[in-house]
Amino acid sequence: MTEDIRVRYAPSPTGHLHIGNARTAIFNWLFARHYNGTFIIRIEDTDSARNIADGEKSQLDNLAWLGLDWDESPDKPGEYGPYRQSERNEQGVYQEFIDALLANGQAYKSYKTSEQLAEEREAQQAAKQAPHYIYEYEGLTNEEREAKYAEFEAQGLKPVVRFRVPEEKVFAWDDIVKGHIEIGAKEVGGDWVIQKADGMPTYNFAVVVDDHLMKISHVLRGDDHVSNTPKQMMIYDALGWDVPKFGHMALIINGETGKKLSKRDENVLQFVEQYKELGYQPQAMVNFIGLLGWSPKGEDEIFSLEEFKNMFDETRLSKANAKFDQKKLEWINNQWMRRDTAAVMPQLIQELVNADLISESDAQLKKDWLADVIKIAGVDGISYTREIVALVRKPFFELGDVTDEMVDYLTSDDGRKVFDAWEAAYTALPNDATAEDYMAAIRGIQNDLEIKGRNLWNPIRIATTHEIQGPNLPEMLVVLDKNTVLQTMADIKQKYLN
RNA sequence: GGCGCUAUGGUCAAGUGGUUAAGACGUCGGCUUCUCAGGCCGAAAUCGAGGGUUCGACUCCCUCUAGCGCUACCA
């Protein structure tokens, strides 16, 4: 690749950053950075009805959170601005080319109402024909057509501009991921709208103008754009422009339905923000997404953005759709959290504050202790930081109920003997006893009483924590407050062992 | 319906004529002698179906089937 590589991610600000869009953004970024190209963000906001407030900011913030950076964008204008289609439209960027196409007869104004359009379509469907736009000025001279325009205008109708499709042509390209593809112009459904009644260009027209003007060299996008490609190519053709290289990546699909991940699916978390809130690490998200529809050469699975960038190879993009496997994401996140627990620790502690287990100020004061608790509670087994709350709550912050099963352990002959021995041993141990000390004490009881296994451990565990299972008991005893534990034991004794 | 794309285990996937068909997630089993978590060890696919081509095909060709995508004054 010797020419200047310029690629773009062009979201419409209709909501938060979707996993599918994030993938498009990541791969475009990878492509740009791997080849020392330029990465551009362009906002495609030509559908004013669907734009939402803060949609753009949210997209950008989430992209940044993932670790991406960009060279040109609305918030970082380069020499090809503006970078919002709405602003470009205001500047007449599209109008110029629409006028040119209108002037040379490659486009025309159409005044059909949506009712008329719907009727045509229904009639075609009833006749088992593929929906196809019917050109209304067939056989008319330019003058006659202009006269029609005037007539419609007089009726107060607003026109759209349609592109006159050269039906006999076939458009072909060598797709970066799918190889050679060709589609006949007649398959696009007839003359399509390039400018809406409100004056906004349509997507398929605006992309072409912008990609050309912004000197985009490679367009990497989702599979769902394959059938848009001939439409876009005919515009490049009509305007005499060179076509960029296209690459259509397989889609991410919903594991349940097998369909393209849709923003309306509620059974899958599909916005980057949702994962962020649960405490997924950005590196893990990138790692997971980078492995969906792309595979590295070796056998490793854990990669940073930087490593992906270095390894990137567009020929290893997969052609088949990939199901979104949340379990794998969880595993990858777990791997990233464990890579550097110290870095994630503040987040983990924040989760406890958010869950009202401890106040912000106390958390600050006791952060070393909290770190110990979190480690002992089993941080190595969680998938995302939010999960630490449930692990840590009992018995470190609250005691659970004493169940019948626990009472049975306590009140059995062995249980009573163990309790008494443990009470004596625990009381005798110093406040700064270590896990080894506690272990030695318990082993001592085991030897003295010749009781082992559950019958030995459960009474002690229950008496000190109200739990029948949990993390390593000696380690827990180190972090548990001794007076509290003594009190817990006293309560147990008083309530069940008298 | 039309057009296009895709097809290796539950999932992500490596593999480009001759391999014991990598690896990972998940699952199951065992071990780590309190449990949980973690760790360690191990198990499980003949490559959508049917035809070819070839000494030999998951790898090449054909047909079929299935799935997905698009078919808007949405992007």
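Here is how names work: the chains are called A, B, and so on, in the same order as the sequence lines, proteins then strands, and each is numbered from 1.
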| task | For A:W457 and B:C34, say yes or no: do the ring centres fall under 5.5 Å of each other while the ring planes differ by less than 30°? | result | yes

| task | Report which part of the nucleic acid A:E44 touches: base, sugar-phosphate, or nothing (heavy-atom distance under 4.0 Å, all strands). | result | sugar-phosphate

| message | Between P on B:U6 and CD1 on A:I252, what's the gap in Å once rounded to a whole number? | response | 18 Å

| Which residue pairs pass the ring pair (Phe, Tyr, Trp, His ring centres under 6.0 Å) test when at least one of the two sits in residues 180-211 of chain A, sequence neighbours left out? | A:Y203-A:H225

Listing time: all N or O pairs from protein to nucleotides 35-40 of chain B that are below 3.5 Å?
{"residue": "B:U35", "atom": "O2'", "partner": "A:Q469", "partner atom": "OE1", "Å": "3.4"}
{"residue": "B:U35", "atom": "O2", "partner": "A:G470", "partner atom": "N", "Å": "2.5"}
{"residue": "B:U35", "atom": "O2", "partner": "A:G470", "partner atom": "O", "Å": "2.8"}
{"residue": "B:U35", "atom": "N3", "partner": "A:R461", "partner atom": "NH2", "Å": "3.0"}
{"residue": "B:U35", "atom": "N3", "partner": "A:G470", "partner atom": "O", "Å": "2.6"}
{"residue": "B:A37", "atom": "O2'", "partner": "A:G381", "partner atom": "N", "Å": "3.4"}
{"residue": "B:G38", "atom": "O3'", "partner": "A:R338", "partner atom": "NH1", "Å": "3.0"}
{"residue": "B:G38", "atom": "O3'", "partner": "A:R338", "partner atom": "NH2", "Å": "3.4"}

| said: Test of understanding: with side chain to side chain donor-acceptor pair (under 3.5 Å), list the residues that count as partners of A:Q116, not counting sequence neighbours. | reply: A:T113

| remark: Nearest-nucleotide check on RNA chain B, A:Q129 vs A:K319; residue mapping nearer the 5' end is A:Q129

| field | Whole-Å C1' distance, B:C40 and B:C64 | value | 48 Å

| said: Can you check the distance between B:C5 and B:G38, where both ends of the measurement are the P atom (answer in whole Å)? | reply: 45 Å

| query | To the side chain of A:I181, which of B:C12, B:G1, B:G4 is closest? | reply | B:G4

| request: Sticking with atom P, work out how far B:U65 lies from B:U16, rounded to a whole angstrom. | output: 31 Å

| query | With rounding to whole Å, what would you report as the distance between B:C68 and B:C12 at their P atoms? | reply | 14 Å

| said: Among residues 321-329 of chain A, which ones have heavy-atom contacts with RNA chain B below 4.0 Å? | reply: A:N321, A:A322, A:K323, A:D325, A:K327, A:K328

| message | What's A:R316 touching, base or sugar-phosphate or nothing? Going by heavy atoms closer than 4.0 Å. | response | sugar-phosphate

| Expressed in whole Å, how much space separates the C1' atoms belonging to B:A21 and B:U59? | 11 Å

Protein-nucleotides 70-74 of chain B N/O pairs under 3.5 Å:
{"residue": "B:C70", "atom": "OP1", "partner": "A:K260", "partner atom": "NZ", "Å": "2.7"}
{"residue": "B:C70", "atom": "O4'", "partner": "A:S227", "partner atom": "OG", "Å": "3.1"}
{"residue": "B:C70", "atom": "O2'", "partner": "A:S227", "partner atom": "OG", "Å": "2.9"}
{"residue": "B:C73", "atom": "OP2", "partner": "A:R162", "partner atom": "NH2", "Å": "3.3"}
{"residue": "B:C73", "atom": "O2", "partner": "A:A197", "partner atom": "N", "Å": "2.9"}
{"residue": "B:C73", "atom": "N4", "partner": "A:K112", "partner atom": "O", "Å": "3.4"}
{"residue": "B:C74", "atom": "OP2", "partner": "A:K196", "partner atom": "NZ", "Å": "3.0"}
{"residue": "B:C74", "atom": "O2'", "partner": "A:D47", "partner atom": "OD2", "Å": "3.0"}
{"residue": "B:C74", "atom": "O2'", "partner": "A:R50", "partner atom": "NE", "Å": "3.2"}
{"residue": "B:C74", "atom": "O2'", "partner": "A:R50", "partner atom": "NH2", "Å": "3.2"}

| request: Please step through side-chain hydrogen bond (donor to acceptor under 3.5 Å, both in side chains) for the pair A:D191 and A:Y108, ending with a clear verdict. | output: CA-CA 9 Å; A:D191 300 349; A:Y108 60 90; 2.7 Å; yes

| task | Go through B:A14, B:A75, B:C34 for me and flag the one nearest to the A:P474 side chain. | result | B:C34

| field | Value in whole Å for how far the C1' atom of B:C34 lies from CZ of A:F419 | value | 18 Å

| How far, in whole Å, is B:U54 from B:G15 if one measures between their P atoms? | 28 Å

| remark: Re B:A57: Watson-Crick or G-U wobble partner, both distances kept under 3.5 Å, found to be none

| said: Is the shortest side-chain heavy-atom distance between A:V207 and A:E44 below 4.5 Å? | reply: yes

| request: Determine the Euclidean distance between corresponding C1' atoms of B:A44 and B:G29; express it in Å to zero decimal places. | output: 11 Å

| Residue matched to B:A13 through Watson-Crick or wobble contacts both under 3.5 angstrom | none

| Contacts of type side chain to side chain donor-acceptor pair (under 3.5 Å), residue A:E467, not counting sequence neighbours | none

| said: Taking only the C1' atom of each, what is the distance from B:A24 to B:A45 in whole angstrom? | reply: 15 Å

| field | B:U27 - base-pair partner by Watson-Crick or wobble geometry, distances under 3.5 Å | value | B:A43

| field | Counter-base of B:C73, judged by Watson-Crick or G-U geometry with both distances under 3.5 Å | value | none

| request: Start with the C-alpha gap between A:Y133 and A:E120, add the side-chain angles, then the distance that decides, and say whether side-chain hydrogen bond (donor to acceptor under 3.5 Å, both in side chains) holds. | output: CA-CA 8 Å; A:Y133 186 78; A:E120 282 181 10; 5.9 Å; no

| request: Would you indicate what A:G293 reaches in the nucleic acid, counting non-hydrogen atoms under 4.0 angstrom: base, sugar-phosphate, or nothing? | output: sugar-phosphate

| request: Using the test side chain to side chain donor-acceptor pair (under 3.5 Å), find all partners of A:Y438 that sit at least two apart in sequence or belong to another chain. | output: none

Any N/O pairs under 3.5 Å between the protein and nucleotides 30-32 of chain B? List them or say none.
none

| remark: So the salt bridge (charged side-chain N to carboxylate O under 4.0 Å, His left out) pairs with at least one residue in residues 168-179 of chain A (sequence neighbours excluded) are A:K169-A:D237, A:K178-A:D223

| How are the rings of A:F246 and A:H248 set relative to one another: parallel (under 30°), tilted (30 to 60°) or perpendicular (over 60°)? | parallel

| A:K148 with A:E136: basic N within carboxylate O range, under 4.0 Å | no

| field | Minimum-distance nucleotide (side-chain atoms of A:K178 versus B:C3, B:C5, B:A7) | value | B:C5

| said: Using a 6.0 Å distance limit plus a 45 degree cone around the ring axis, check whether A:R454 lies over the aromatic ring of A:Y409. | reply: no

| query | How close or far is atom C1' of B:A22 from atom CG of A:L291, stated in whole angstroms? | reply | 15 Å

If you look only at distance, which donor and acceptor atoms sit under 3.5 Å apart when one is on a side chain in residues 390-408 of chain A and the other is two or more places apart or in another chain?
{"residue": "A:R393", "atom": "NE", "partner": "A:E398", "partner atom": "OE2", "Å": "3.2"}
{"residue": "A:T403", "atom": "OG1", "partner": "A:M406", "partner atom": "N", "Å": "3.3"}

| field | Complementary nucleotide for B:A22 - Watson-Crick or wobble, under 3.5 Å | value | none

| query | More 5' along RNA chain B: A:K259 or A:K452, using each one's nearest nucleotide? | reply | A:K452

| Does A:K327 have any side chain to side chain contact (heavy atoms under 4.5 Å, CB included) partners at least two apart in sequence or in another chain, and if so, which? | A:D325, A:E330

| message | Can you confirm if the NZ or CZ of A:K109 lies within 45° of the ring axis of A:F152 and under 6.0 Å from the centre of its six-membered ring? | response | no

| said: Could you go through A:F324 and A:F288, starting from their C-alpha distance and side-chain angles, then the distance that decides it, and tell me whether this counts as ring-ring contact (aromatic ring centres under 6.0 Å, His included)? | reply: CA-CA 10 Å; A:F324 185 85; A:F288 174 69; 5.4 Å; yes

| query | If you check the A:E299 side chain, which of B:A22, B:A24, B:A14 turns out closest? | reply | B:A22

Which side-chain N or O atoms in residues 371-386 of chain A pair as donor and acceptor under 3.5 Å with protein atoms at least two apart or in another chain?
{"residue": "A:T385", "atom": "OG1", "partner": "A:E351", "partner atom": "OE2", "Å": "2.7"}
{"residue": "A:R386", "atom": "NE", "partner": "A:E351", "partner atom": "OE1", "Å": "3.3"}
{"residue": "A:R386", "atom": "NH2", "partner": "A:E277", "partner atom": "O", "Å": "2.8"}

| remark: Pairing partner of B:A7, by Watson-Crick or G-U wobble and under 3.5 Å for both distances, is B:U65

